[in-house]
Amino acid sequence: MNSTATQNRPELIAPEERVLSTLERDGSRRWLHPRLSKGKFWQARRVVSYLLILIFAAIPHISIKHKPAIFLDIVHRKFTLFGFTFLPTDTFLLALFSVSVLLGIFFVTALFGRVWCGWACPQTVYMEFLFRPIERLCSGRMGKGGEPSTRHSLVLRGLRFPLYLLACLFLAHTFLAYFVGVDQLRLWVTQSPFEHPMAFVVMATTTGLMMFDFCYFREQTCIIACPYGRLQSVLLDRDSLLIGYDKTRGEPRSARKKTLPVLSNSDARTGDCIDCTLCVQVCPTGIDIRQGLQIECIGCAQCIDACNDVMAKIGRPLGLIRYQNQNGMDGQKHRLVRPRLLVYLVVMTGLISLLVFLIATKSSFDMVVLRNVGRPFFFTDNNLVANEFLVKLTNRTDKPLDFNLSIVADPDISIRPLGDQLRLEPGQMMTEPAEIDAPATKFVMGSLTLKVRSTASDGTKLEQKCDMLGPFQVPTTNPSTPGDAHGD
Ligand code: SF4
Ligand code: SF4
């Protein structure tokens, strides 16, 4: 029975080309255990990475102008960035900011390639400088062929996952501090989970996702899931800085070079690459840089460090694999200034200048006056035409503000909020119904344009134009019935 089933099983046809560096030819996961090369780029990246981890952990605790340096309050739709708070009414400012950041990413990528991925992306920083060190500590350095050493005791190897969990708990808590604030987080951490079950579920889910990412999914986040990684082919050009293998110098490869005396370039019979495959063994995404530019390359420079080490040992010049642009690698002219860079720069500078100007000139509060739904107008007991409006006020300051509403330059028209008091706490928003009353004689063709003014207790004034609706003809008697006297 079993042998029949085996016979009937369709034959496995392996793809002709490599599909993914993390897939075996039969489609199963290819687990990568990159070796470590402690060259000068790795040492520089290590300093940058630990500095970034420190900054990431410190930012939620830093205050600027009595506000957290970064606080992304999704529930209340308020985003505080370095002392300025984007409120729900700041859609335009937020859009300006987002487009500027996006253009900044395009600009840096076109200039320096995947420098973000290799040097600053949290995925790389935590994977290479937190989780892999834990792995190496518990499982040993990766030996030849990239397999973990089995010399470490079972206990030490078993310690790996509790340590991963601790790291993920730290990351998840720090990450959530950006969204809920450190005070709220402290409360959650010190109280029983039963007092805030939803917060506990969010925390546990975030920790679980981080465990999944750093313990299982790993380099596949960069290769498959990251949209920035997928965009590389359109963001880069032949003059962008990349990590590349110098084919002209390296080919044809020959393992014999190890035993040959060092030859000058002119009489070399083979290229400088001795086919030791160290550049492949250290690659965290499992690719061979000698096959040319690949989307999986995250620009971590581990292959440069490994190859430089080899070149130094065999007495050849360093830089067989190096930071270089494609034009430079092919011996063609390299242009630093390109039209697309200038476009990015000009548009980005314009947008950032506009954003800074708008933020600098922003008043202490926002006001929006809208017509209320329902009847277009009605007559009051005093034979005045009345319209209902909604006045939306937002206090942008960190002090309470009182507001007073009035109509600009026309004492015959009055506005009165229907609520008791127009007082807003710091950062608070309020929508207040208000009624505007005007004599019917003021209306021309059933319409009257006026300006509503709001004066805050700090002296700031804002005005907004709005239109009242009223009768086309002035009635001789009071129609008295609200809303039934529209026009004629
Ligand atoms: S590390 Fe350098 S010498 Fe070794 S295989 Fe890679 S490119 Fe060739
Ligand atoms: S090819 Fe080199 S730079 Fe690119 S990911 Fe691999 S080791 Fe890093």
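In this text, all values refer to a predicted model and were calculated from it rather than measured experimentally. Just so you know, ligand 1 is whichever comes first in the structure, and atom 1 is the first atom listed for that ligand.
Checked against D272 for a salt bridge (charged side-chain N to carboxylate O under 4.0 Å, His left out), the options R249, K247, R253 give a single hit: R249. Residue Y323 is tested with W119, Y245, F41 for a ring-ring contact (aromatic ring centres under 6.0 Å, His included); the sole match is F41.
Contact annotation: for R290 versus ligand 1, heavy atoms closer than 4.0 Å belong to the side chain alone.
Under a 4.0 angstrom heavy-atom cut-off, M311 registers as being in contact with ligand 1.
Residue contact check: C307 has heavy atoms under 4.0 Å from atoms 1 (S), 2 (Fe), 7 (S) of ligand 1.
A donor-acceptor contact closer than 3.5 angstrom is absent between the side chains of D398 and H66. Between the side chains of T277 and Q281, at least one donor-acceptor pair of N or O atoms lies under 3.5 Å. Side-chain contact of S240 with N325: a donor-acceptor pair under 3.5 Å is absent, judged by distance alone. In summary, the side chains of S49 and Y126 do not present any donor paired with an acceptor at a separation below 3.5 Å, with no hydrogens or angles considered. A side-chain N or O of T460 and one of S364 form a donor-acceptor pair less than 3.5 Å apart.
Of the protein's heavy atoms, C276 SG, 2.3 Å lies nearest to atom 4 (Fe) of ligand 1. Protein heavy atom nearest atom 8 (Fe) of ligand 1, with residue, atom name and distance: C273 SG, 2.3 Å. For atom 3 (S) of ligand 1, the nearest non-hydrogen atom of the protein is I274 N, 3.5 Å.
Protein N/O/S atoms found under 2.8 Å from atom 2 (Fe) of ligand 2, listed by chain and residue number: C303 SG.
Residues satisfying the ring-ring contact (aromatic ring centres under 6.0 Å, His included) criterion with Y216, sequence neighbours excluded, are W31, F212.
Between the T285 side chain and the E296 main chain, a donor and an acceptor come within less than 3.5 Å of each other.
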